[in-house]
Amino acid sequence: MPPLEAEARGYTLFRVLDREFMIKVSKRRWVVVLVFSCYSMCNAFQWIHYAAINNIFMNFYGVSSFAIDWLSMCYMLVYIPLLLPVAWLLEKFGLRTIALAGSSLNCLGAWVKVGSLQPHLFPVTVLGQVICSVAQVFILGMPSPIASVWFGDDEVSTACSIAVLGNQLGNALGFLVPAVSVPNIDNPDELAYHISIMFYITAGVATLLFILVLIVFKEKPKHPPSRAQCLSYALASTDASYLSSIIQLFKNLNFVLLVITYGKTHVCLVITYGKAHVCPRCTRTGHVRPET
């Protein structure tokens, strides 16, 4: 296509080696990042909604506070061994496959928890939470690839921020919604009813988002949105070793410093959460576990 004709149609021509690419951003890109942000938010909500009302679930299931805490900590435990394998899957199979895996596991885990609305079914709720924690591994690595594959050079930072924001909003809602929707009452049947409302709404939202992922998510846009993606298409190599790329990353001082800084930030977050969890003044009245 001649350059003037391409410009008239809203394209930019870019040549790499002996290949010519037409650069144009897709209208679908904002829908993709918003759907991702929403199912990331749903998964993050499920991470913390047990711990937000720890004593209520403790009394309902007849288990220790430590057992309820593990429903949140399992997210961290699962993430460590599965991080690199899922990152390899993302590189090998692409965005759509990983998005479908994450949203489907998130949906499945939510529905499994719907089946745990009796005091003797704590193992079922553990199973549902473990499934959601596996889904998290397929979610947390997605913001950067989505931003780079679907967005232009001047939109990558904004897109990545929107994708990450969903997870943070999910954390906030996970603390807020259970505290205002599940009362601290002794009647197990009435308590099961209030918990069921939260679980069914969560499962319904997760199902809707899974359907949207099926409809909306594509592997990549028809045309590369940036010069960087043109280079990626032109220079893509199937011979590159995944292990060697990981080793190269850890030889990069800037990357190592970023990992340390990000890790320290999360340590501070966990400490802050722990203080809020054990301090009665930081917890809503009626949701404080009595001291023994």
Side-chain angles (χ1 to χ4, degrees), residues 26 28-29 31-44 46-47 73-112 127-151 156 159-160 162-164 166-167 170 206-207 209-221 224-225 228-229 231-252 255 258-259 262-263 266:
S26 169
R28 183 190 289 264
R29 67 194 188 282
V31 180
V32 169
V33 75
L34 286 174
V35 169
F36 168 78
S37 187
C38 287
Y39 81 77
S40 176
M41 178 175 63
C42 181
N43 182 261
Q46 295 192 78
W47 165 56
M73 290 189 288
C74 70
Y75 265 60
M76 288 74 169
L77 186 66
V78 167
Y79 187 77
I80 296 169
L82 294 185
L83 170 61
L84 292 181
V86 171
W88 177 80
L89 290 173
L90 175 59
E91 185 175 292
K92 186 168 181 65
F93 295 105
L95 289 176
R96 178 172 169 82
T97 301
I98 299 303
L100 287 172
S103 58
S104 61
L105 287 169
N106 185 59
C107 177
L108 176 62
W111 281 109
V112 169
L127 174 61
Q129 191 71 347
V130 169
I131 294 173
C132 290
S133 69
V134 175
Q136 168 221 210
V137 189
F138 288 85
I139 292 171
L140 292 186
M142 291 280 281
S144 293
I146 289 174
S148 63
V149 168
W150 282 91
F151 288 83
V156 169
C160 198
I162 293 172
V164 172
N167 195 268
T207 303
L209 291 170
F210 171 62
I211 294 170
L212 287 175
V213 170
L214 277 172
I215 297 170
V216 168
F217 256 84
K218 304 295 180 185
E219 184 57 40
K220 58 185 178 182
Q229 280 302 297
L231 289 169
S232 175
Y233 292 179
L235 305 177
S237 172
T238 56
D239 299 327
S241 166
Y242 180 70
L243 181 60
S244 66
S245 65
I246 296 297
I247 294 172
Q248 286 298 319
L249 271 178
F250 280 96
K251 289 181 178 179
N252 186 308
F255 175 78
L258 181 62
V259 169
Y262 190 71
H266 273 258

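Both backbone and side-chain heavy atoms feed into the values below; hydrogens, waters and symmetry mates do not. All of these numbers come straight from a predicted model, not from anything done at the bench.
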What are the two closest non-hydrogen atoms of [X] and [Y], and how far apart are they?
X    : Y    : value
C160 : A147 : N-CB, 3.9 Å
L82  : V137 : O-CG1, 3.5 Å
A206 : C107 : CB-CA, 3.8 Å
F138 : G102 : CB-CA, 3.6 Å
N106 : A135 : N-CB, 3.5 Å

[atom1]-[atom2] distance between [X] and [Y], expressed to the nearest 0.5 angstrom:
X    : Y    : atom1 : atom2 : answer
L105 : Y39  : CG    : OH    : 10.5 Å
L209 : F36  : CG    : CZ    : 11.5 Å
F151 : S26  : CZ    : OG    : 9.0 Å
L83  : L140 : CG    : CG    : 9.0 Å

[X] side chain to [Y] backbone, donor-acceptor under 3.5 Å:
X    : Y    : result
S103 : A99  : yes
N43  : C132 : yes
S37  : L34  : no

Does the plane of the ring in F250 sit parallel, tilted or perpendicular to the ring in F255? Use 30° and 60° as the thresholds.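 Perpendicular.
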Could you work out, with side chain to side chain donor-acceptor pair (under 3.5 Å) as the rule, every residue matching T207, not counting sequence neighbours? W111
Return the set of residues passing side chain to side chain donor-acceptor pair (under 3.5 Å) with Q129 (not counting sequence neighbours), or none when no residue passes.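 Per chain and number, Q129 pairs via side chain to side chain donor-acceptor pair (under 3.5 Å) with K113.
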Just to verify, what does [X] make a side-chain contact (heavy atoms from CB on, under 4.5 Å) with, not counting sequence neighbours?
X    : result
F93  : L89, T97
L258 : none
L90  : L95, I98, M142, P145
K218 : R28, W150

Could you check if a side-chain atom of I80 sits within less than 4.5 angstrom of a side-chain atom of M76, using non-hydrogen atoms only?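 In short, these two side chains do not touch, never coming nearer than 4.5 Å.
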Considering only heavy atoms from C-beta outward, does the side chain of F217 approach that of L100 to under 4.5 Å? no
